[in-house]
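Working notes, beginning with the structure itself.
Throughout, numbering of the chain's residues begins at 1 and tracks the sequence.
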Amino acid sequence: MVIMVANPKRKSTQFKPLTAQMEAYCQEYVKTPEDQKGSAVRAGYSEKTAAKFASQNMRDQRVIDRIAELMTERNKRLRVSADYVLQRLVEIDQMDVLDILEDDGSLKPVSQWPKVWRISLSAIDINRINMSLKDGESDIETTLQKVKWPDKVKNLELIGKHVDVNAFKERLEVNVNVSIANRMAAARKRIQELGSGDE
């Protein structure tokens, strides 16, 4: 007697190469990691099924490995590393308003600002005034009104969280003698307590 299995287990795809569409998804994902569905659409999946396939792809270890490989390659090309990030954060932390001010308190021309100022500002408000001249012509006078620099407290927090600084690292003590079964039982108990507290 032969027993038929309704849903035989699928063979592992672990050693199969990525399809062209999956590779395209990886390439698109690296460009916009925050938009998985959009990456799937740009990779050729239909609008209707893009979210499903994006989710499916992100559970496939081959896709995860390929994305990590592509991100590593991109970081090497761009020379982005943990050291670079920390260096930029330190530069921002050391920005001094005196770098962009004249002795009388007026702002220096932007072309005279240090590079760190020019590339790190959050916002600049420029006021343009249309002035009429005697000959009926007009001239536009541009003045810099406001400069918004990066949030120094947030910047320090990011420096403190940097893996090499660990200033704000939260300590988590784990008892290795506690089994997973004990942890699961404790979690169930907490859930029951929370559930009974709502009634």
Side-chain angles (χ1 to χ4, degrees), residues 23-45 47 50-51 54-55 57-58 63-172:
E23 174 65 24
Y25 174 78
C26 295
Q27 298 283 344
E28 291 299 328
Y29 177 88
V30 170
K31 295 175 191 171
T32 54
E34 68 284 349
D35 184 14
Q36 292 180 14
K37 180 182 176 186
S39 297
V41 169
R42 288 188 302 279
Y45 294 95
E47 187 74 38
S55 175
N57 282 343
M58 294 310 290
V63 171
I64 293 166
D65 293 344
R66 180 63 178 143
I67 287 170
E69 184 181 308
L70 289 169
M71 287 186 160
T72 301
E73 288 172 9
R74 181 194 61 189
N75 291 347
K76 281 182 184 174
R77 273 194 319 273
L78 298 175
R79 295 188 176 129
V80 175
S81 65
D83 288 343
Y84 170 80
V85 172
L86 183 58
Q87 178 186 343
R88 286 286 294 125
L89 290 171
V90 169
E91 286 174 0
I92 291 168
D93 183 61
Q94 293 174 347
M95 288 169 63
D96 185 345
V97 73
L98 292 177
D99 294 338
I100 63 168
L101 291 179
E102 299 284 6
D103 290 338
D104 64 359
S106 62
L107 286 169
K108 292 180 181 176
V110 176
S111 62
Q112 293 178 14
W113 292 6
K115 183 177 180 181
V116 68
W117 274 92
R118 296 191 313 266
I119 63 175
S120 302
L121 290 180
S122 301
I124 296 177
D125 285 343
I126 297 175
N127 189 18
R128 293 184 174 197
I129 300 171
N130 193 357
M131 299 172 54
S132 296
L133 301 176
K134 292 179 184 177
D135 302 337
E137 294 180 15
S138 63
D139 187 23
I140 297 175
E141 183 179 310
T142 303
T143 54
L144 189 58
Q145 297 293 311
K146 235 190 261 184
V147 175
K148 184 175 179 190
W149 63 357
D151 183 338
K152 294 287 206 150
V153 174
K154 178 69 176 169
N155 192 67
L156 271 176
E157 183 181 336
L158 291 171
I159 292 172
K161 286 181 177 177
H162 190 280
V163 77
D164 293 338
V165 176
N166 290 328
F168 302 111
K169 187 174 182 181
E170 294 178 16
R171 291 184 177 212
L172 177 64

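- A salt bridge does not link K108 to E102: none of the charged nitrogens lies less than 4.0 Å from a carboxylate oxygen.
- The nearest pair of heavy atoms linking A40 to A54 is CB-CB, 4.1 Å.
- The shortest side-chain heavy-atom distance between I67 and M58 falls under the 4.5 Å cut-off.
- Here the CG atom belonging to L89 is positioned 10.5 Å from the NZ atom belonging to K154, to the nearest 0.5 angstrom.
- Residues A43 and A24 approach most closely at CB-C, 3.6 Å, considering heavy atoms.
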Residue pair R66, E69: steps toward the salt bridge (Lys or Arg N to Asp or Glu O under 4.0 Å) verdict: CA-CA 5 Å; R66 180 63 178 143; E69 184 181 308; 2.5 Å; yes
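- Heavy-atom minimum distance, L101 versus L107: CD2-CD2, 3.7 Å.
- Atoms CD and OG1, from E34 and T32 in turn, are 5.5 Å apart once rounded to the nearest 0.5 Å.
- Going from atom SG of C26 over to atom NZ of K31 covers 12.0 Å, rounded to the nearest 0.5 Å.
- Between W113 and W117, the ring planes lie perpendicular to each other; the angle is over 60°, past the 30° to 60° tilted range.
- A distance of 12.5 Å separates CD in Q27 from CZ in R42, rounded to the nearest 0.5 Å.
- Checked by atom type and distance alone, the side chain of S55 never pairs as donor or acceptor with a backbone atom of A51 at under 3.5 Å.
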Donor-acceptor list for residues 90-98 side chains, cut-off 3.5 Å, not counting sequence neighbours:
{"from": "E91", "atom 1": "OE1", "to": "R88", "atom 2": "NH1", "distance (Å)": "3.0"}
{"from": "E91", "atom 1": "OE2", "to": "Q87", "atom 2": "NE2", "distance (Å)": "3.4"}
{"from": "D96", "atom 1": "OD1", "to": "L98", "atom 2": "N", "distance (Å)": "3.0"}

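- The distance from atom CD of Q36 to atom OH of Y25, rounded to the nearest 0.5 Å, is 4.0 Å.
- When all heavy atoms are compared, the tightest approach of V110 to R118 is O-CD, 3.7 Å.
- Heavy atoms of other residues, nucleotides or ligands lying less than 6.0 angstrom from CG of D104 number more than 12.
- In terms of modelled atom types and a separation under 3.5 Å, the side chain of R74 and the main chain of L70 share no donor-acceptor contact.
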